[in-house]
Colleague: 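One structure, pasted below without further comment.
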There are 2 protein chains.
Amino acid sequence: MNIQFKKGVLELCVLALLTEKNRYGYDLVNEISKNIQISEGTIYPLLRRLKNVGYVTTYLQESQEGAPRKYYKLTENGLKITGELKNDWFDFVKKVNGLLKGGGKDE
Amino acid sequence: MNIQFKKGVLELCVLALLTEKNRYGYDLVNEISKNIQISEGTIYPLLRRLKNVGYVTTYLQESQEGAPRKYYKLTENGLKITGELKNDWFDFVKKVNGLLKGGGKDE
DNA sequence: TATTAGTATCTTGTATTGCAAGATACTTTG
DNA sequence: CAAAGTATCTTGCAATACAAGATACTAATA
């Protein structure tokens, strides 16, 4: 899997998964890795960034299987941004595909 | 336009445009910028990289409009890699869209 | 007790790469 | 000579994915 493709898109994937339900970091890694391989060293700094800019809030919850889980929940602003990012993404894909297919045809 | 989305994809865009015909750097900037805004400071280091890894070769050609143009031409290997990168890209887009739409549904 | 394995979070250092800003140089026009 | 358009290249910076490893909790096993 091309590492470079992932840049910036992972943030969108995380946000999109959080629109469904609140999740904790380890869960996000497993969920995303079904499609796109990522590691924990990527997710945790990203989640902290999302919290710092106010897109998510967090709360702790005990687990019967190990260390307590830190759940991430989208804020209202985070939800709004997610929508915008999604549109940006679809738009970007369209433009790239245009370049790949048509080249730069003027006629 | 989200800067991060571009990472890694620009290389593919450049290679794809070169499959059509040989082009020089300034031309590539203008062609790609019709769809995705990029700057010259991005293209020239990228082109040097592509040359270093053997995906393209270069030749100089005089111009009646200014400085001589350095044309870039795909090598056989470069053409092969371009095909693979394209497949990777389409595959990647499919997977991201899967995450965005379905989330990580198990049922 | 000690040890291992599984779950879960976090930090450090590194590599990649897009970009702003600016330097260089050629041609044409004034 | 100067200015504008074309064209290439370099430097320094910022963003971010990752490998590797540290930490910590629970459960099972010896």
Side-chain angles (χ1 to χ4, degrees), chain A residues 1-15 22-33 35-53 55-56 58-72 85 88-89 92 95-96 99, chain B residues 1-15 22-33 35-53 55-56 58-72 85 88-89 92 95-96 99:
Chain A
M1 170 71 62
N2 191 313
I3 294 174
Q4 297 308 318
F5 287 162
K6 299 183 194 175
K7 300 223 171 174
V9 179
L10 282 186
E11 180 174 322
L12 172 56
C13 290
V14 166
L15 288 169
N22 302 343
R23 294 174 185 271
Y24 52 99
Y26 197 77
D27 180 33
L28 284 165
V29 172
N30 291 328
E31 207 54 65
I32 294 176
S33 284
N35 291 291
I36 304 165
Q37 202 206 323
I38 59 163
S39 71
E40 292 143 32
T42 303
I43 274 289
Y44 291 112
L46 195 164
L47 288 171
R48 206 173 325 121
R49 209 160 57 237
L50 293 179
K51 189 179 178 185
N52 286 338
V53 295
Y55 295 174
V56 301
T58 60
Y59 57 94
L60 281 174
Q61 197 163 296
E62 284 174 36
S63 162
Q64 274 137 6
E65 294 174 79
R69 295 164 173 168
K70 187 186 278 188
Y71 278 82
Y72 294 82
L85 257 183
D88 285 354
W89 167 247
F92 179 74
K95 284 173 172 170
V96 170
L99 274 173
Chain B
M1 171 70 63
N2 190 314
I3 295 174
Q4 297 308 317
F5 287 163
K6 299 183 195 174
K7 300 223 170 174
V9 180
L10 282 185
E11 179 174 321
L12 172 56
C13 290
V14 166
L15 289 169
N22 303 343
R23 293 174 185 272
Y24 53 99
Y26 198 76
D27 179 34
L28 284 166
V29 171
N30 291 329
E31 208 53 66
I32 294 176
S33 285
N35 291 291
I36 304 166
Q37 202 207 322
I38 60 165
S39 71
E40 292 143 29
T42 302
I43 272 291
Y44 291 112
L46 195 164
L47 288 170
R48 207 173 325 121
R49 207 162 56 238
L50 294 179
K51 189 179 180 186
N52 285 338
V53 296
Y55 295 173
V56 301
T58 59
Y59 58 93
L60 279 174
Q61 197 164 296
E62 284 174 37
S63 162
Q64 275 137 3
E65 295 174 78
R69 295 165 173 169
K70 186 185 278 187
Y71 278 81
Y72 294 83
L85 257 184
D88 284 353
W89 166 249
F92 179 74
K95 284 174 174 170
V96 170
L99 274 173

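If you're wondering where the values come from, they're calculated on a predicted model, not measured in any experiment. A note on names: the letters A, B, ... follow the listed sequences, proteins ahead of strands, and every chain is numbered from 1.
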Colleague: Between B:Tyr71 and B:Gln4, who's closer to the 5' end of DNA chain D by nearest nucleotide?
Modeller: B:Tyr71

Colleague: Using a cut-off of less than 4.0 Å, is there contact between a side-chain N or O of A:Tyr44 and OP1 or OP2 of C:dT11?
Modeller: no

Colleague: Could you work out how much the helix from C:dT1-D:dA30 to C:dG30-D:dC1 bends, comparing the axis of its first five pairs with that of its last five, to 10°?
Modeller: 20°

Colleague: Which residue pairs pass the salt bridge (Lys or Arg N to Asp or Glu O under 4.0 Å) test with at least one member in residues 61-72 of chain B, sequence neighbours excluded?
Modeller: B:Glu65-B:Arg69

Colleague: Which nucleotides of nucleotides 19-30 of chain D have their base under 4.0 Å from a protein heavy atom (B), which only their sugar-phosphate (S), and which neither (-), written as one string 5' to 3'?
Modeller: BB----BSS---

Colleague: Is the distance from OP1 or OP2 of D:dC18 to the nearest side-chain N or O of A:Lys6 less than 4.0 Å?
Modeller: yes

Colleague: Run the ring pair (Phe, Tyr, Trp, His ring centres under 6.0 Å) test against A:Tyr24 and tell me which residues pass, sequence neighbours left out.
Modeller: A:Tyr71

Colleague: Is there a side-chain contact between B:Arg48 and the phosphate of D:dC9, meaning an N or O under 4.0 Å from OP1 or OP2?
Modeller: no

Colleague: DNA chain C: A:Asn30 or B:Pro45, which has the more 5' nearest nucleotide?
Modeller: A:Asn30

Colleague: For A:Asp88, what residues pass the side-chain hydrogen bond (donor to acceptor under 3.5 Å, both in side chains) criterion, not counting sequence neighbours?
Modeller: none

Colleague: What is the distance, to the nearest angstrom, from the NZ atom on A:Lys7 to the P atom on D:dA14?
Modeller: 15 Å

Colleague: Extract all donor-acceptor atom pairs below 3.5 Å that involve side chains of residues 3-11 of chain B and protein atoms in other chains or at least two apart in sequence.
Modeller:
unit_1: B:Lys6; atom_1: NZ; unit_2: B:Gln37; atom_2: O; d: 2.5

Colleague: What nucleic acid atoms does A:Ile43 come within less than 4.0 Å of, heavy atoms only: base, sugar-phosphate, or nothing?
Modeller: nothing

